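Each chain gets a letter, A, B and so on, in the order the sequences are listed, and its residues count up from 1. Nothing here was measured: the structure is a model prediction, and the numbers come from that model.
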2 protein chains.
Amino acid sequence: MNYTENIISKYRAHGFKLTPQRLAILKCLDGNTSHPTAEDIYIELKKTHPTVSFATVYNTLTSLKDMGALLEVTIDPDRKHFDPNTTPHHHIICTKCGSIGDIFVDYSQALTLPEDVGAEFFLTGNHVDFYGLCKRCRTKGQV
Amino acid sequence: MNYTENIISKYRAHGFKLTPQRLAILKCLDGNTSHPTAEDIYIELKKTHPTVSFATVYNTLTSLKDMGALLEVTIDPDRKHFDPNTTPHHHIICTKCGSIGDIFVDYSQALTLPEDVGAEFFLTGNHVDFYGLCKRCRTKGQV
DNA sequence: ATGATAAAATAGAATTATTCTAAGTTAATA
DNA sequence: TATTAACTTAGAATAATTCTATTTTATCAT
């Protein structure tokens, strides 16, 4: 069962409607590793659904988040990005072009807290951001 | 030389003015580990400088960032937080109360990229966010 | 000390991302 | 096919941040 099919059954299970707009948003997100913003999705949707509104995009994103089928990525200080891949992973960000990539490695073993903090804090997760220059930006020369 | 003295000399070196508002913002930031937002700082400033404006707060924060004396922390999806501690470190976030703590451990040795990614990406830094429940929220029971 | 001046502070308008609202539309079900 | 709760829509509202035009002031040369 792929992403879209999986979520369609989740929508049904929750008694939510399967509207053309929602299906189009799912199609846009399925396998999407570009970490789009709400606006990216809105622009993409406009192509097939010219009357779609931002409210629908945000509403759908919220419903997906609520069902655990979408993650909000807090990396860009200016806007929210979204990630349909909900398996735990980390991100690698190009500080020149802003592109975001995925890193599927579990670093939990190595990421131990200092004793004093670890004794007080109930740890539930971690997330690593890697910074640097992507291949394209490296090649194309300096800023 | 402490934080405030250090920055005062940087301001002088850059030919910037040392205004009472800026000095008050420096005083508010010096040794501040609470990761305040612009509004937090604005509210604090109001106590001693009732006519201060948001523009002054933002302008000063920008000048500090430009001088490398302040870091913008992108952890909260809804607003920017600021950190006067510019030595590399990581953060620990309570998912219940939103408080942000500092972790001064260098995990770089352990945070190696997968070969294929590492070969293409010029890595310059990393940042770890730890998630969980702080002591207070653990103790006070469930949400 | 004083005056000149570039830099900064201020109030409020503008911008941008996101959320809300009210009214019309529709998917799902009986 | 009718009913209805849920959805979509346009546009207003909100909130964080930035911009603008004007007034004020820290600094420096005198």
ask   = Thinking salt bridges, do A:R79 and A:D76 make one under a 4.0 Å N-O criterion?
value =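 Judged by the 4.0 Å cut-off on N to carboxylate O distance, A:R79 and A:D76 do form a salt bridge.
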Distance in angstrom units between [X] [atom1] and [N] [atom2], rounded:
| X | N | atom1 | atom2 | value |
| --- | --- | --- | --- | --- |
| A:H14 | D:dC7 | NE2 | P | 12 Å |
| A:Y42 | D:dG11 | OH | C1' | 12 Å |
| A:L23 | D:dC7 | CG | C1' | 13 Å |
| A:R22 | C:dT26 | CZ | P | 15 Å |
| A:D66 | D:dA6 | CG | P | 15 Å |
| B:R12 | D:dT27 | CZ | C1' | 10 Å |
| A:Y11 | C:dA28 | OH | C1' | 16 Å |
| B:F16 | C:dA9 | CZ | C1' | 16 Å |

Nearest heavy atoms of A:A69 and A:I7, plus distance in Å =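 For A:A69 and A:I7, the tightest heavy-atom pair comes out as CB-CD1, 3.7 Å.
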Donor-acceptor side-chain pairing of A:T62 and A:N59 below 3.5 angstrom =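 Looking only at side-chain atoms, A:N59 and A:T62 do not form any donor-acceptor pair under 3.5 Å.
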key: Exercise: do A:T4 and A:N2 side chains pair donor with acceptor under 3.5 Å   =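 There is no such pair between these side chains.
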Stepwise salt bridge (charged side-chain N to carboxylate O under 4.0 Å, His left out) test for B:K10 and B:D66 = CA-CA 11 Å; B:K10 279 190 180 180; B:D66 291 347; over 6 Å; no
request  = Before giving the answer on ring-ring contact (aromatic ring centres under 6.0 Å, His included), spell out for B:F130 and B:H90 the whole-Å C-alpha distance, their side-chain angles and the decisive distance to 0.1 Å.
outcome  = CA-CA 8 Å; B:F130 293 95; B:H90 307 285; 7.2 Å; no
query = Among D:dA5, C:dA9, D:dT25, which is the nearest nucleotide to the side chain of B:K17?
reply =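 Of the options given, the side chain of B:K17 lies nearest D:dT25.
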ask   = Which part of the nucleic acid, if any, lies within contact of B:P20, taking any heavy atom under 4.0 Å across all strands shown: a base, the sugar-phosphate backbone alone, or nothing?
value =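 The answer is sugar-phosphate, as B:P20 gets under 4.0 Å only of primed atoms, P, OP1 or OP2.
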query = How are the rings of A:H35 and A:H91 set to each other: parallel, tilted or perpendicular (split at 30° and 60°)?
reply =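 Plane angle over 60°, so perpendicular.
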task = Please check the phosphate of D:dC7 (OP1 and OP2 only) for any side-chain N or O of A:T19 closer than 4.0 Å.
result =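 It does not, given that no N or O in the side chain of A:T19 lies less than 4.0 Å from OP1 or OP2 of D:dC7.
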ask   = Where along nucleotides 10-23 of chain C does protein come under 4.0 Å, by heavy atom, of base (B) or sugar-phosphate alone (S), with - for untouched nucleotides?
value = BB-----SSBB---
